[in-house]
Amino acid sequence: MKTSATAANPAPTTGPRRTHAQAREEAIDQILDIATREFVEKGLAGARIDEIAGHASKRKIYYYFGSKDELYRAVLERAYHRMRDSESTLDPAEGTAPEALRRMIEHDVAYHSQHPELVRLVMNENIHRAEHLTQIDSIREKNEGVIGVLRSILDRGVAEGYFRAGVDPVELHMTISALAFYNVSNQHTFSHNFGFDMSSPQAVARRATQVADIILAWVALTAPVTQGA
């Protein structure tokens with residue numbers, strides 16, 4: 001009795017098989033990608049599960065998330081986590097404190113411009129008065145991490161003689177976020193009103209430098225003015 005060539009010599013596999021966990025993560029990521037586009041375009045109220053299900057199985061959506069609100073929270077959570085994770089790649093101990101702070105500021109300006117979906121989601125969540133954000137504990141934990149990093153840079157800057165004492169790291173973060181945010185949230189109206197390019201790589205890089213210059217001047221230690229000087 002002959003043994004078939006296929007049975008005797010099975011074809012080599014081209015790579016490792018996906019595990020069930022990997023397949024699950026890929027399915028969830030695909031749904032979140034589609035849902036992000038829908039929520040960014042139409043907001044929570046306007047987004048429809050049926051539209052999202054046009055590209056991803058409706059059964060899978062409800063299996064993994066249960067409801068539209070839960071799906072929206074997962075989209076919001078992933079967007080925030082990706083932002084915070086990107087910041088964690090920066091080494092706050094490298095160089096002087098001003099150099100470390102400049103890297104973080106320029107990174108945040110560039111990240112917002114490269115990920116406008118984050119800005120749109122945050123704008124939408126503010127319409128809902130952070131109703132869904134307050135239900136995601138992991139975001140608060142991630143945000144506490146970036147505040148800790150800014151606090152360490154500020155403390156080091158004071159010790160090195162570059163920064164003035166008393167700068168609140170939460171206020172610093174708010175200022176960085178506000179200036180990084182504006183370049184995306186208002187780019188269409190501002191560009192139309194003033195004929196100003198806000199979206200090209202050159203414009204974003206220039207704005208990142210300007211924002212860093214502004215904030216570093218704000219936190220800088222300035223020599224006191226003396227009488228008769």
Side-chain angles (χ1 to χ4, degrees), residues 76-123 125-126 130 133-187 190 196 198-229:
L76 198 61
E77 181 177 29
R78 187 179 70 159
Y80 268 95
H81 279 210
R82 285 180 169 180
M83 172 67 179
R84 297 283 87 95
D85 289 345
S86 74
E87 290 169 334
S88 70
T89 64
L90 305 174
D91 183 0
E94 181 183 346
T96 65
E99 289 169 344
L101 183 54
R102 177 176 289 277
R103 277 197 306 276
M104 177 162 281
I105 295 167
E106 292 183 350
H107 168 85
D108 280 4
V109 173
Y111 188 94
H112 279 76
S113 294
Q114 294 161 4
H115 298 85
E117 72 280 359
L118 172 65
V119 174
R120 308 301 174 198
L121 288 167
V122 172
M123 291 170 67
E125 184 59 9
N126 272 285
L133 196 65
T134 57
Q135 300 179 53
I136 308 172
D137 292 337
S138 65
I139 291 180
R140 179 177 292 276
E141 294 167 6
K142 288 277 189 179
N143 290 342
E144 287 173 352
V146 74
I147 297 303
V149 170
L150 289 175
R151 182 179 290 109
S152 70
I153 294 174
L154 288 171
D155 289 345
R156 185 156 66 90
V158 172
E160 291 172 350
Y162 291 111
F163 298 160
R164 60 186 173 88
V167 177
D168 187 323
V170 175
E171 291 183 347
L172 173 58
H173 177 66
M174 177 170 59
T175 303
I176 296 171
S177 296
L179 293 174
F181 199 90
Y182 186 91
N183 218 50
V184 180
S185 66
N186 289 55
Q187 68 176 243
F190 195 93
F196 189 84
M198 298 176 71
S199 60
S200 71
Q202 295 80 7
V204 172
R206 185 170 63 251
R207 185 58 180 162
T209 299
Q210 292 168 353
V211 170
D213 288 345
I214 291 166
I215 294 176
L216 284 167
W218 172 54
V219 303
L221 176 68
T222 56
V225 177
T226 58
Q227 293 293 330

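Along the sequence shown, residues carry numbers from 1. Every value quoted in this text rests on a predicted model; they were computed, and no experiment measured them.
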Just by distance, do the side chain of [X] and the backbone of [Y] share a donor-acceptor pair under 3.5 Å?
X: Arg103; Y: Asp91; answer: yes
X: Gln187; Y: Asn183; answer: yes
X: Thr89; Y: Ser86; answer: yes
X: Glu125; Y: Leu76; answer: no

How far apart are the closest heavy atoms of [X] and [Y], and which atoms are they?
X: Leu179; Y: Arg207; value: CD2-NH2, 4.2 Å
X: Gly161; Y: Leu221; value: O-CD2, 3.6 Å
X: Ala110; Y: Val204; value: CA-CG1, 4.1 Å
X: Ser88; Y: Asp85; value: OG-O, 2.6 Å
X: Ile153; Y: Ala100; value: CD1-CB, 4.1 Å
X: Val167; Y: Leu154; value: O-CD1, 3.6 Å

Listing request: all side-chain hydrogen bond (donor to acceptor under 3.5 Å, both in side chains) pairs with a residue in residues 159-172, at least two apart in sequence or in separate chains. Arg156-Glu160

Kindly compute the distance separating [atom1] ([X]) from [atom2] ([Y]), expressed to the nearest 0.5 Å.
X: Leu90; Y: Leu101; atom1: CG; atom2: CG; result: 11.0 Å
X: Thr209; Y: Ile214; atom1: OG1; atom2: CD1; result: 11.0 Å
X: Ile139; Y: Glu144; atom1: CD1; atom2: CD; result: 12.5 Å
X: Met123; Y: Phe181; atom1: CE; atom2: CZ; result: 5.5 Å
X: Leu118; Y: Tyr111; atom1: CG; atom2: OH; result: 6.5 Å
X: Arg78; Y: Met83; atom1: CZ; atom2: CE; result: 16.0 Å

Apply salt bridge (charged side-chain N to carboxylate O under 4.0 Å, His left out) to the pair Glu99 and Arg102, showing each step before the final yes or no. CA-CA 5 Å; Glu99 289 169 344; Arg102 177 176 289 277; over 6 Å; no

Side chain to side chain contact (heavy atoms under 4.5 Å, CB included) for Val109 and Ile176? Distances and angles first, verdict last. CA-CA 8 Å; Val109 173; Ile176 296 171; 5.8 Å; no

Going through the distances and angles, do His173 and Asn143 end up as a side chain to side chain contact (heavy atoms under 4.5 Å, CB included)? CA-CA 10 Å; His173 177 66; Asn143 290 342; 5.6 Å; no

Between Ile215 and Leu172, is the side chain to side chain contact (heavy atoms under 4.5 Å, CB included) condition met? List the steps. CA-CA 8 Å; Ile215 294 176; Leu172 173 58; 3.5 Å; yes

Arg120 bridged to Glu117 by N-O distance under 4.0 Å: no

Residue pair His81, Lys142: steps toward the side chain to side chain contact (heavy atoms under 4.5 Å, CB included) verdict: CA-CA 7 Å; His81 279 210; Lys142 288 277 189 179; 3.9 Å; yes

Please examine the side chains of Phe163 and Asp155, heavy atoms only from C-beta on, and report whether any two atoms are closer than 4.5 Å. no

